[in-house]
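These notes concern the structure reproduced below.
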Amino acid sequence: MEAINSRNQVNVRRIRIIIFIRQAPIVESINRIFRNFNFRNGSGLLQFWACTPSNSEDMGCNLMLTDQTFMSTPDEGLEVYRRRCLENRYRFVGLETSVGNWLAGRSAQTKIADHWTIHHVLNHEDQHSIDIGGKGQLVLPVFFGQDAGNILAGIIEFVTPVPKESYVADFEHIHDLLKNEGLKSEYLGKTIKVEYNHMIKFTLPLSATFTDLHSKVTERFTDLEHQVFRVEYNDTEGNRLPLSSDEDLRVCMAESSSKGGKFIRMYVLLNQISTDIFPNFKPELKMLDLFGLRECMASFICGVFVITVQR
């Protein structure tokens with residue numbers, strides 16, 4: 001046991017040394033961002049989880065809660081939460097690590113921002129839900145480097161005593177502060193898992209349109225380009241619902257985000273076109289491509305099935 005503890009202490013010291021060497025300029029930037037953050041006369045806690053690569057085969061990273069923190073006004077609940085985080089300030093997050101509702105860990109996995117709003121339902125069996133209690137939360141991954149060379153520096157965590165309706169304004173504010181420091185973050189979004197002939201996974205911003213979803217799906221499932229298909233999804237209650245418009249996608253994303261869903265599961269289903277009605281129908285014509293048309297109206301006129309297509 002003493003040998004194990006000794007190895008752990010060595011690893012912790014190694015992580016702290018790496019963070020100090022690699023991220024000294026970033027730490028200074030984070031300090032400036034925290035000092036310049038506008039709390040809008042509200043209470044809040046800002047803290048930073050620094051990231052270092054792990055030697056694990058799981059291709060994850062080590063997150064360490066740093067001393068970089070800022071609290072707008074004294075708040076006992078926020079101070080208690082900070083102390084609980086410090087009790088477990090060194091954590092490994094692998095790609096397949098179960099992080100529950102620990103948003104900082106989830107953000108390190110997905111590389112997108114996330115938030116915990118007034119609409120979220122607490123899971124009292126999840127440790128982070130117990131720690132966060134009735135507070136609200138926003139997390140943002142912080143990257144440095146250029147273009148494809150983006151490297152995850154860590155996670156900014158913003159906690160408020162009472163959950164907000166939305167943290168979009170706070171996200172945009174921090175995003176602008178990061179940009180001023182030559183750093184960047186990713187959008188508030190959701191992880192999407194789509195099943196067709198196999199499973200694919202990608203992320204979409206909360207502001208995504210139905211066309212954005214279509215592009216992601218056909219980009220990954222290339223054989224769907226000449227097929228007529230529809231998309232369905234599971235809501236947070238497990239009900240399968242159709243998804244065919246910007247409004248459907250907005251409702252889908254908003255519900256999953258508000259209920260704290262880790263991802264949204266979707267399904268692609270092929271539509272069968274009756275050859276009795278369309279004896280000369282050829283899928284490659286894409287006449288009824290549900291995604292490629294802006295408007296498709298069908299009606300019976302004098303017993304004849306008429307299709308009017310507007311592009």
Side-chain angles (χ1 to χ4, degrees), residues 12 15-16 19-20 23-51 62-91 93 99-108 113-142 153-181 183 185 188 257-258 260:
V12 167
I15 292 171
R16 298 191 70 170
I19 289 174
F20 177 78
Q23 299 198 0
I26 294 175
V27 167
E28 294 175 4
S29 294
I30 296 299
N31 281 331
R32 283 192 292 270
I33 289 169
F34 285 3
R35 288 196 302 269
N36 293 327
F37 182 78
N38 184 356
F39 288 89
R40 297 177 176 84
N41 298 320
S43 296
L45 165 71
L46 286 164
Q47 57 184 19
F48 182 64
W49 296 83
C51 173
N62 297 299
L63 288 183
M64 185 193 82
L65 182 60
T66 68
D67 295 331
Q68 278 64 50
T69 184
F70 193 92
M71 193 177 301
S72 58
T73 56
D75 184 278
E76 183 178 354
L78 295 177
E79 291 173 358
V80 169
Y81 175 70
R82 169 75 178 174
R83 288 197 295 270
R84 286 182 176 175
C85 291
L86 287 170
E87 290 171 1
N88 191 14
R89 68 188 301 183
Y90 305 99
R91 309 189 195 185
V93 179
V99 296
N101 285 320
W102 181 40
L103 294 194
R106 189 188 303 176
S107 184
D114 206 346
H115 58 178
W116 188 285
T117 69
I118 194 172
H119 303 288
H120 282 67
V121 178
L122 286 177
N123 176 5
H124 295 289
E125 297 180 358
D126 179 84
Q127 182 59 47
H128 182 71
S129 296
I130 296 173
D131 291 341
I132 198 71
K135 303 173 187 63
Q137 190 178 25
L138 167 69
V139 294
L140 299 85
V142 177
I155 309 295
I156 288 179
E157 181 179 11
F158 174 49
V159 185
T160 56
V162 178
K164 297 185 179 183
E165 178 75 24
S166 170
Y167 287 87
V168 171
D170 298 298
F171 166 81
E172 292 176 346
H173 179 41
I174 296 176
H175 189 273
D176 290 340
L177 292 173
L178 287 168
K179 187 176 180 180
N180 293 339
E181 295 291 337
L183 302 172
S185 187
L188 271 167
S257 179
S258 68

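Count residues from 1 along the sequence. Computation of the quantities below employed the complete heavy-atom set of this structure, encompassing side-chain atoms and omitting hydrogens, waters and symmetry-equivalent molecules.
- Within the structure, salt bridge (Lys or Arg N to Asp or Glu O under 4.0 Å) contacts touching residues 71-81 (residues at least two apart or in different chains) do not occur.
- For residues 33-48, the pairs satisfying side chain to side chain donor-acceptor pair (under 3.5 Å) are R40-D170, S43-T73, Q47-R82, Q47-E157, with sequence neighbours left out.
- The line from CD1 of I30 to CG of D67 is 13.5 Å long, rounded to the nearest 0.5 Å.
- The structure places CG of N31 at 11.0 Å from CG of L46, a figure rounded to the nearest 0.5 Å.
- In this structure, the ring-ring contact (aromatic ring centres under 6.0 Å, His included) partners of F37, at least two apart in sequence or on a different chain, are F39, F158, H173.
- The line from CG of L140 to CD1 of I33 is 9.5 Å long, rounded to the nearest 0.5 Å.
- With T66 contributing its side chain and F48 its backbone, the two residues share a donor-acceptor pair below 3.5 Å.
- Note that CD of E172 and CG of L177 are 12.0 Å apart. Values are rounded to the nearest 0.5 Å.
- Residues A108 and V93 come closest through the heavy atom pair CB-CG1, 4.4 Å.
- F171 contributes atom CZ, which lies 9.0 Å from atom CG of L178 (distance to the nearest 0.5 angstrom).
- S72 contributes a side-chain N or O that, together with a main-chain N or O of G42, makes up a donor-acceptor pair within less than 3.5 Å.
- Residues L78 and P161 are in side-chain contact: their nearest non-hydrogen atoms beyond the backbone lie under 4.5 Å apart.
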- Residues V159, W116; criterion side-chain contact (heavy atoms from CB on, under 4.5 Å); working and verdict: CA-CA 9 Å; V159 185; W116 188 285; over 6 Å; no
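- Expressed to the nearest 0.5 Å, how far CD of Q68 lies from OG of S29 amounts to 11.0 Å.
- Results of the side chain to side chain contact (heavy atoms under 4.5 Å, CB included) test with W49 over N62, V139, L65 single out L65 as the only residue that passes.
- At a threshold of 4.5 Å between non-hydrogen side-chain atoms, the residues C51 and L63 count as touching.
- Heavy atoms only, all atoms of each residue included: Y167 and Q137 are closest at OH-N, 3.4 Å.
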